[in-house]
Amino acid sequence: MSMASSAERPELSIVVPVFNEAENLPLLAPRLIATLEPIVASFEVVFVDDGSADATLETIRALNAADPRLRAVALSRNFGKEIAIAAGLEHCRGQAAVIIDADLQHPPEMIARFVELWRQGYENVYGQRIDRSGDSALRRALTQRFYKLFESFGETHLPEGAGDFRLLDRKAIDALATMQERARFSKGLYAWIGFKSIGVPFDVAERAHGQSKFSYRKLTRFALDGLTSFSSLPLQVWTYVGFAISALAVLAALYFLLEYIIKGATTPGFATLIISVMMLSGVQLLSLGVLGSYIGRIFSEVKRRPLYVVGERIGLDASVERRRAPGA
Ligand code: UDP
Ligand code: MG
């Protein structure tokens with residue numbers, strides 16, 4: 001079998017966001033190759049080195065030297081998993097792409113099933129994790145709360161347990177490439193683009209080496225990005241809160257007026273005053289904060305910086321990056 005040169009379009013691309021996974025890549029690569037060789041005519045693996053500080057890049061170079069179907073784009077610094085995925089999708093040339101984590105939590109053997117469903121006409125085949133026992137109880141509880149909240153905000157429906165482990169048809173990849181938003185919440189974007197979709201349940205494996213790159217701080221920011229980029233409800237809700245508080249104020253005014261008419265002047269209500277001042281200023285600050293977070297997002301989007309900066313390409317040429325700056 002001839003190895004696909006970088007000018008050819010492979011049938012399937014595998015996109016792997018990689019951040020400090022030097023120990024995992026030598027385990028992942030042979031499992032991917034063993035899975036892919038029997039099921040597709042040609043393939044490429046596009047590692048996206050997301051600014052790793054360990055031996056990840058050297059490991060990728062060695063893998064590429066041994067097998068040129070293993071390629072990479074190295075970002076100039078750590079941009080985060082969501083951006084790394086976007087970079088990988090922009091650099092891959094397959095008729096479909098599978099996004100998979102580098103830590104072997106997503107079993108590569110599942111790709112065979114994804115490809116089968118793709119050949120049956122599904123364009124967005126997502127793995128649905130049926131077991132989150134690999135995560136801590138706190139993380140699982142918070143994740144669940146987040147999805148409930150996201151669901152109640154309406155607008156975009158996320159299939160349960162669906163994440164980044166999925167196959168996307170070329171049409172879906174191109175659709176995603178048109179969305180150049182910086183605060184990327186991929187799960188929402190995958191759902192937003194639509195296409196014929198189907199879920200495939202899978203068991204999440206244990207991380208092979210190292211530990212999760214997501215701290216609670218990172219997860220919180222990610223969750224806020226998700227909510228604010230898919231809903232403007234946090235902005236609109238203040239209209240209702242403001243309306244309710246104004247209505248209460250009118251009632252209170254009527255009450256005090258009646259009290260004055262019936263009883264005449266009474267002692268001024270210190271407690272009432274303090275409580276209403278504190279409550280109103282609290283509500284105002286909170287709503288200002290929400291406004292601020294949306295304005296911050298508008299600010300970062302209008303700067304129109306590129307999503308990422310490429311440091312180096314391994315086995316890939318710059319011409320593949322053809323869909324940057326849509327409309328430009
Ligand atoms: N990752 C990345 N950039 C980051 C953090 C993570 O490319 O800033 C990659 C990481 O190397 C792995 C995948 O994203 O391949 C999932 O990360 P991790 O396993 O840490 O997340 P978890 O499984 O805990 O959700
Ligand atoms: Mg993981």
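Only this structure's heavy atoms are used, side chains among them; waters, hydrogens and symmetry mates stay out. Start at 1 and go down the list; that is how both ligands and their atoms are numbered.
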Could you verify whether a donor N or O on one side chain and an acceptor N or O on the other, from Ser13 and Glu44, lie under 3.5 Å apart? yes

Quick one: does any side-chain atom of [X] pair with a main-chain N or O of [Y] as donor and acceptor, under 3.5 Å?
X	Y	value
Thr56	Glu21	yes
Ser42	Pro10	no
Glu123	Asp169	no

Kindly tell me which protein residues have any non-hydrogen atom under 4.0 angstrom away from an atom of ligand 1, grouped by chain and ordered by number? Pro17, Val18, Phe19, Glu21, Asp50, Asn78, Gly80, Lys81, Asp101, Ala102, Asp103, Gln105, Arg139, Arg207, Ser212, Lys213, Phe214, Lys218

Closest contact, heavy atoms only, Tyr216 versus Arg139: OH-N, 3.4 Å

Looking at Phe299, is Arg297 sitting on its ring face, NZ or CZ under 6.0 Å from the six-membered ring centre and within 45 degrees of the normal? no

How would you list, by chain and number, every residue that makes a salt bridge (Lys or Arg N to Asp or Glu O under 4.0 Å) with Glu23, sequence neighbours excluded? none

Above 12 or not: heavy atoms from other molecules or residues under 6.0 Å from NZ of Lys263? no

Please list, chain by chain and in numerical order, all residues satisfying side-chain hydrogen bond (donor to acceptor under 3.5 Å, both in side chains) with Arg119, sequence neighbours excluded. Glu11

For the Mg ion (ligand 2), which protein N/O/S atoms are closer than 2.8 Å? Asp103 OD2, Gln105 OE1

